[in-house]
Amino acid sequence: MRSRTGVRLLELMENAAGMLLLIDPTFSEQNEGQMARQRRYWTMLVENLSEIVHHLKRRGPDVQRATLDDENRLRIPTAICITKMDQHQTDAHRPAEFLREQIGEATFALIENSFSNYTVYACSALGNDARSTPEGVRLSGNPRPWGVVDPIRWILEESMHTQGSQVFARFGW
């Protein structure tokens with residue numbers, strides 16, 4: 001967040017109508033290297049959320065009211081998308097519970113304490129034609145993505161609910 005791109009991202013957060021947070025749940029079977037990467041991922045998430053809140057708290061009262069609640073949680077509608085759910089289809093109907101089981105109570109509490117307006121979605125870019133092989137996930141047939149439009153639709157609906165026609169201007173409509 002301290003790079004030039006990160007600073008630009010922080011500036012964009014001031015006027016964001018919504019946010020997509022993509023989480024890959026495929027880290028359940030881990031070796032030592034994968035566990036270290038997972039720890040870095042969650043550490044980076046915590047640090048980035050902290051930077052976003054810190055940045056928004058330094059802005060004027062209008063930006064603060066629009067982006068943070070009284071507990072300094074992000075009120076920007078956030079769709080948390082659990083990706084690669086084609087590999088966990090039996091849990092696709094319960095994405096929040098599945099995420100809680102995968103990342104643990106403490107990390108899930110981070111999500112609950114960081115966002116005042118969020119929903120968890122299951123999605124797959126490949127679709128039902130993916131299968132696991134010893135070499136990795138392989139696509140058999142054409143991709144059939146699912147669950148990718150609902151998070152965007154929810155963000156738009158939430159933004160319309162809270163900000164009315166200003167959302168259209170943010171998206172250039």
Side-chain angles (χ1 to χ4, degrees), residues 1-27 37-85 91-125 145-173:
M1 290 298 206
R2 294 188 176 111
S3 69
R4 194 166 139 175
T5 303
V7 170
R8 180 66 182 131
L9 178 65
L10 290 172
E11 292 168 354
L12 291 170
M13 292 300 293
E14 296 175 25
N15 294 311
M19 184 168 45
L20 286 172
L21 176 60
L22 305 175
I23 297 179
D24 179 350
T26 59
F27 49 74
R37 281 192 301 276
Q38 181 187 344
R39 279 192 299 276
R40 282 194 306 272
Y41 174 81
W42 292 114
T43 299
M44 182 183 67
L45 177 64
V46 170
E47 290 171 354
N48 287 346
L49 288 172
S50 176
E51 284 285 328
I52 291 168
V53 169
H54 183 68
H55 173 82
L56 295 172
K57 284 171 63 175
R58 293 187 313 225
R59 298 294 157 245
D62 290 344
V63 170
Q64 287 182 33
R65 273 192 301 279
T67 58
L68 299 171
D69 70 7
D70 293 338
E71 298 174 27
N72 288 322
R73 295 179 300 174
L74 291 169
R75 68 171 72 224
I76 300 165
T78 302
I80 300 170
C81 302
I82 312 306
T83 64
K84 301 181 183 176
M85 286 302 288
D91 294 305
H93 69 284
R94 52 182 214 94
E97 294 83 7
F98 176 75
L99 178 61
R100 184 185 303 264
E101 291 165 4
Q102 294 297 305
I103 65 176
E105 290 294 328
T107 306
F108 195 81
L110 166 72
I111 290 170
E112 293 178 317
N113 294 325
S114 298
F115 305 101
S116 62
N117 187 11
Y118 74 94
T119 301
V120 182
Y121 290 91
C123 64
S124 170
W146 52 265
V148 295
V149 174
D150 292 337
I152 297 167
R153 181 179 294 129
W154 178 81
I155 287 173
L156 289 171
E157 289 171 357
E158 285 297 302
S159 296
M160 289 296 294
H161 216 30
T162 59
Q163 299 165 353
S165 61
Q166 295 172 356
V167 170
F168 289 119
R170 286 185 180 175
F171 286 106
W173 297 334

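Here the structure is a predicted model, which means the values were calculated and not measured.
- Residues that satisfy the side-chain hydrogen bond (donor to acceptor under 3.5 Å, both in side chains) test with Arg59, not counting sequence neighbours, are Glu14, His55.
- Applying the side-chain hydrogen bond (donor to acceptor under 3.5 Å, both in side chains) criterion to Asn48, with sequence neighbours excluded, gives no partner residue.
- Judged as a salt bridge (Lys or Arg N to Asp or Glu O under 4.0 Å), and not counting sequence neighbours, Glu97 has no contacts.
- Counting all heavy atoms, side chain and backbone alike, Asp150 lies closest to Arg153 at OD1-NH1, 3.1 Å.
- Contacts of Asp62 classified as salt bridge (Lys or Arg N to Asp or Glu O under 4.0 Å), with partners at least two apart in sequence or in another chain: Arg65.
- Atom CZ of Arg4 is surrounded by 12 or fewer heavy atoms from other residues, nucleotides or ligands within 6.0 Å.
- Here Arg40 pairs with nothing under the side-chain hydrogen bond (donor to acceptor under 3.5 Å, both in side chains) rule; sequence neighbours left out.
- Partners of Tyr118 under the ring-ring contact (aromatic ring centres under 6.0 Å, His included) rule, at least two apart in sequence or in another chain, do not exist in this structure.
- In this structure Leu20 satisfies the side chain to side chain contact (heavy atoms under 4.5 Å, CB included) test together with Ala79, Cys81, Pro151, Ile152, Ile155, sequence neighbours excluded.
- Residues Cys123 and Thr83 meet the side-chain proximity criterion, which asks for heavy atoms closer than 4.5 Å.
- Taken from CE in Met13 to OG1 in Thr67, the straight-line distance is 8.0 Å, to the nearest 0.5 Å.
- Considering CD of Gln64 and CG of Asp70, their distance stands at 11.0 Å, rounded to 0.5 Å.
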Using atom types as modelled, flag every donor-acceptor pair under 3.5 Å from a side chain in residues 104-115 to any protein atom, sequence neighbours excluded.
| from | atom 1 | to | atom 2 | distance (Å) |
| --- | --- | --- | --- | --- |
| Glu105 | OE1 | Arg100 | NH1 | 3.0 |
| Thr107 | OG1 | Ile103 | O | 3.4 |
| Glu112 | OE2 | Arg100 | NH2 | 3.3 |
| Asn113 | ND2 | Ala109 | O | 3.0 |
| Ser114 | OG | Leu110 | O | 2.6 |

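- From Ile23, atom CD1 reaches atom CG of Leu99 across 5.0 Å, with rounding to the nearest 0.5 Å.
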Go through it in stages, so that I can follow the logic: the residues are Leu68 and Leu74, the test is side chain to side chain contact (heavy atoms under 4.5 Å, CB included), and I'd like the CA-CA distance, side-chain angles, deciding distance and then a yes or no. CA-CA 5 Å; Leu68 299 171; Leu74 291 169; 3.8 Å; yes

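- Atom CD1 of Ile82 sits about 13.0 Å away from atom OG of Ser124, to the nearest 0.5 Å.
- Side chains of Ile80 and Thr119 form no contact here, defined as non-hydrogen atoms less than 4.5 Å apart.
- Classification of Lys84 and Asp24 as a salt-bridged pair holds, one side-chain N sitting under 4.0 Å from a carboxylate O.
- Listed by chain and residue number, nothing satisfies the side-chain hydrogen bond (donor to acceptor under 3.5 Å, both in side chains) test with Glu71 (two or more places apart in sequence, or in another chain).
- Note that the CE atom of Met19 and the CG atom of Leu12 stand 12.0 Å from one another [nearest 0.5 Å].
- In this structure Arg8 satisfies the salt bridge (Lys or Arg N to Asp or Glu O under 4.0 Å) test together with Glu11, sequence neighbours excluded.
- Closest approach of Pro95 to Val120, counting heavy atoms only: CG-O, 3.4 Å.
- Counting only distance, with no hydrogens or angles, the side chain of Ser159 and the backbone of Ala17 share a donor-acceptor pair below 3.5 Å.
- Residues satisfying the salt bridge (Lys or Arg N to Asp or Glu O under 4.0 Å) test with Glu47, not counting sequence neighbours, are none.
- Pairing each heavy atom of Arg75 with each of Ser116, the nearest pair is CA-OG, 3.3 Å.
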